[in-house]
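Some notes on the structure that comes next.
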Protein chains: 2
Amino acid sequence: MSRQHAEHGASGRPAGSTTIRTIADELGVHPSTVSRALREDESRKISAATRARVLATAEALGFRPNPVASSLRTKKTRTVGLLIPRLADVVLARMFEGAEDRARQLGYQAITTSTRDEPGSERKLAEGLLERRVDGLILATSTTGDPYPDELERRRIPFVLLNRSSRDHPCVRGDDELGGYLATRHLIAKGHRRIALIAGPPELSTTALRRQGFERALAENDLHSDARLVMSSSLEPQGGFDAGTQLLARPDRPTAVFAVNDATAVGVMAAARDLGIRLPDDLAVCGYNDSDLSGLLPIPLTSIALPLRDMGRAAVDLLLARLTGQAAESVVLAPRLIARESTSRPARHP
Amino acid sequence: MSRQHAEHGASGRPAGSTTIRTIADELGVHPSTVSRALREDESRKISAATRARVLATAEALGFRPNPVASSLRTKKTRTVGLLIPRLADVVLARMFEGAEDRARQLGYQAITTSTRDEPGSERKLAEGLLERRVDGLILATSTTGDPYPDELERRRIPFVLLNRSSRDHPCVRGDDELGGYLATRHLIAKGHRRIALIAGPPELSTTALRRQGFERALAENDLHSDARLVMSSSLEPQGGFDAGTQLLARPDRPTAVFAVNDATAVGVMAAARDLGIRLPDDLAVCGYNDSDLSGLLPIPLTSIALPLRDMGRAAVDLLLARLTGQAAESVVLAPRLIARESTSRPARHP
DNA sequence: AGCGATAGTGCAAACGATTGCCCGACCCCG
DNA sequence: CGGGGTCGGGCAATCGTTTGCACTATCGCT
């Protein structure tokens, strides 16, 4: 209440100037009493009257509890670490937004770092977060052979996987097998029989499962899977462009392409353009993720939509469940096909 | 050294099990000695011999200092808060990556939250970060009338602005006036005389300055700025589409459009397509930011490139300079025009 | 030889919150 | 009136690190 405090306008005193002790002195009670009064939970050890007084002067003094002190004592930081491959990837960014949002709702802070897909950086960065004493980790980075989740398990460090699964660690992901199936079935329904797959990198669960769905759809329709029509690639547009250029230069080129993400699908479209192949008449293309660009391309792109934001949210929920020792069931969310112009024409067989 | 420690494999003991005190006991010295030995800086108050011994057993015991305890004592968290409008925006995400990277290099942790462009959320989220005791803030969210930076200044809270400037607060940004000028001059050089501007929201320094550059280029070439060819818009593709649809439906429609970002430029291209206007012959389009999509569109988009990652880095450097009380000069980085097919044809005047 | 400087450590008090334990007051009831 | 129970709150230790201060050798210098 002194004059020096009055300077700090709208937002009260500078953060940290008033502590639990200031309040205690003001009221002539013990700091521990203040502490208990401030946290509801404490099994009714505080009279309603003093609690009210504490709350009132806390408010009046603009008290902001110091989470650092609290963390030191409780050994909980109310912080979760989120590791993702690249932030500039729209898909991951959206999951991040969901996660960050949900974490904040629950009184947690999400802290995120991107591994840039550099080898070994997943582990290094995760350890960095652990040194900062995050309560748990969300990994959106793991690959199929990745030993790191196993190690975390052994070390009893709470974590969940996001988007990409590995072994049977708790994971929140889309149903990629189903997504691949839906995409391919859609193309088959349009009459396509020579369907290529831009498969992405093989060591990711996402791409591997989309491929399985692709093959299941082919098999169900008595189409043989032609290994020459399945191309590994990066997940960047350039990868789609390179693979697409090879595929489309073949004499018996495919009439449809399923690309495991939108970025490579865009690359394929660019390759087609350079080869003078017109969409959607001469070639159908289906992507994955339904990034916000899909609908705005000159030829709007058919794609598989995933509830990305919900996935981020669910990952946080799952992790927090693990933190409180509850049973943590993996979550698999359903994808949805969004049909657009890029697959609008029936196949024209040569 | 006991057996229970041996279980934890590759990464040493569980984080937090060995403290400075463990080491002190092991060596028969006082904890304060260990503390001093571990931090180089300490003005040579420790003999090389004991330092070596401390370092050795710290290593052997897998000691990881607890930053929470350290923060409590020093009142520094080595953490900076970064506020950005939307993470799913490629431009911002790239700046974020730069910032996060640089922060880590310097022993800091960047923690990021996105405001989703919701009104009032900048302030609310920033205060949340401050309650978490971040050492400083990087705001990529401020608008021209925004009172929040002024308030932070009054409260003596260290911060810098990123991308968008406000008053003369310390800021790292691209030279948007120059960028707007370069884009427009490029279009003029192609022979265009009726050039429209998709201006974005007027309350951002970025868009306002790009517009100023646009008008300077026109004035230098004795072209009058036609208010009917300047359209406010959102920064989303939809905004470009709407504005573009209006502009291009005019009988005396422009032969070129400068859109203040790539997303709206894509929207304009979509509008042109719907109206049967062909690019690049009937219409030239120039965007801004050179997002990685620009080069992959069916008609690759001419755009203005900014060193986004460097901007993120520079913002961290600037903030840290302020934190250590050094002079903090704002940084303005130069943009670069990347000419592509969307502006490849000379203007054809009706 | 004497004396001040200095290097190297130890000591203990912080930092701000949490929490197990204890204690006094009061109530209820036989 | 006494005993057990409950309620409300105080006490002090604790989390792990940092840092001002005090102390003791050792060293250099006159």
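Every chain is numbered from 1, with letters handed out A, B, ... down the list of sequences.
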Original post:
Rounded to whole angstroms, how far apart are CZ on B:Arg133 and P on C:dC15?
Top reply: 14 Å
**OP:** For B:Arg132, enumerate each residue passing the side-chain contact (heavy atoms from CB on, under 4.5 Å) test, keeping only those at least two apart in sequence or located in another chain.
**Re:** A:Arg78, A:Thr79, A:Gln109
**OP:** Could you tell me which residues satisfy side-chain contact (heavy atoms from CB on, under 4.5 Å) with B:Glu329, sequence neighbours excluded, listed by chain and number?
**Re:** none
Original post:
For the helix from C:dA1-D:dT30 to C:dG30-D:dC1, what is the angle between the axes at its two ends, each from 5 pairs, rounded to 10°?
Top reply: 40°
Which donor-acceptor pairs under 3.5 Å do the side chains of residues 159-166 of chain A make with protein atoms, sequence neighbours left out?
| residue | atom | partner | partner atom | Å |
| --- | --- | --- | --- | --- |
| A:Arg164 | NH1 | A:Thr141 | O | 3.3 |
| A:Ser165 | OG | A:Ser205 | OG | 3.4 |

Pull out every protein N or O sitting under 3.5 Å from an N or O of nucleotides 9-13 of chain C, one pair per line with the distance.
| residue | atom | partner | partner atom | Å |
| --- | --- | --- | --- | --- |
| C:dT9 | OP1 | B:Ser47 | OG | 3.2 |
| C:dT9 | OP2 | B:Ser47 | N | 3.1 |
| C:dT9 | OP2 | B:Ser47 | OG | 3.4 |
| C:dT9 | OP2 | B:Thr50 | OG1 | 2.9 |
| C:dG10 | OP2 | B:His30 | N | 2.9 |
| C:dG10 | OP2 | B:Thr33 | OG1 | 2.5 |
| C:dG10 | N7 | B:Arg36 | NH2 | 3.4 |
| C:dG10 | O6 | B:Arg36 | NH2 | 2.8 |
| C:dC11 | N4 | B:Ser32 | OG | 3.1 |

**OP:** Take atom CG of A:Leu38 and atom P of C:dG16, then tell me their distance rounded to the nearest Å.
**Re:** 15 Å
**OP:** Using the test side-chain contact (heavy atoms from CB on, under 4.5 Å), find all partners of B:Arg53 that sit at least two apart in sequence or belong to another chain.
**Re:** B:Leu27, B:Thr50
**OP:** Please identify each residue that fulfils salt bridge (charged side-chain N to carboxylate O under 4.0 Å, His left out) with B:Glu118, with sequence neighbours left out.
**Re:** none
Original post:
Please, which pairs that meet ring-ring contact (aromatic ring centres under 6.0 Å, His included) have at least one residue in residues 100-122 of chain A, sequence neighbours excluded?
Top reply: none
**OP:** Quickly work out the B:Arg39 CZ to D:dG16 C1' distance and round it to whole Å.
**Re:** 13 Å
**OP:** Compare side-chain N and O positions of B:Ser35 against OP1 and OP2 of D:dT18 and report whether any pair is under 4.0 Å apart.
**Re:** yes
Original post:
Does A:Glu97 pair with B:Arg116 as a salt bridge, N-O distance under 4.0 Å?
Top reply: yes
Original post:
What is the distance from CG of B:Leu72 to C1' of D:dT18, rounded to the nearest Å?
Top reply: 10 Å
Subject >> Under-4.0 Å side-chain N/O to phosphate OP1/OP2 contact, A:Lys75 with C:dT18 >> reply: no
**OP:** Return the value, rounded to whole Å, for the distance between atom CZ of B:Arg132 and atom C1' of C:dG16.
**Re:** 16 Å
Original post:
Which part of the nucleic acid does B:Pro65 contact within heavy-atom distance under 4.0 Å: base, sugar-phosphate only, or nothing?
Top reply: sugar-phosphate
Original post:
Can you check the A:Arg78 CZ to C:dT18 P distance for me, whole Å?
Top reply: 11 Å
Original post:
To the nearest angstrom, how far is A:Asn66 atom CG from C:dT18 atom C1'?
Top reply: 13 Å
**OP:** Only counting residues at least two apart or in another chain, list the ones meeting salt bridge (charged side-chain N to carboxylate O under 4.0 Å, His left out) with B:Asp317.
**Re:** B:Arg102
Original post:
5'-most contact on DNA chain C: B:Ala48 or A:Ile20, nearest heavy atom basis?
Top reply: B:Ala48
Original post:
Do B:Arg123 and B:Glu151 pass the salt bridge (charged side-chain N to carboxylate O under 4.0 Å, His left out) test, and can you show the C-alpha distance, the side-chain angles, and the key distance before you say yes or no?
Top reply: CA-CA 10 Å; B:Arg123 187 198 164 85; B:Glu151 178 188 334; 2.4 Å; yes
**OP:** In whole angstrom, give the distance that lies between atom CD1 of B:Ile23 and atom P of D:dG16.
**Re:** 13 Å
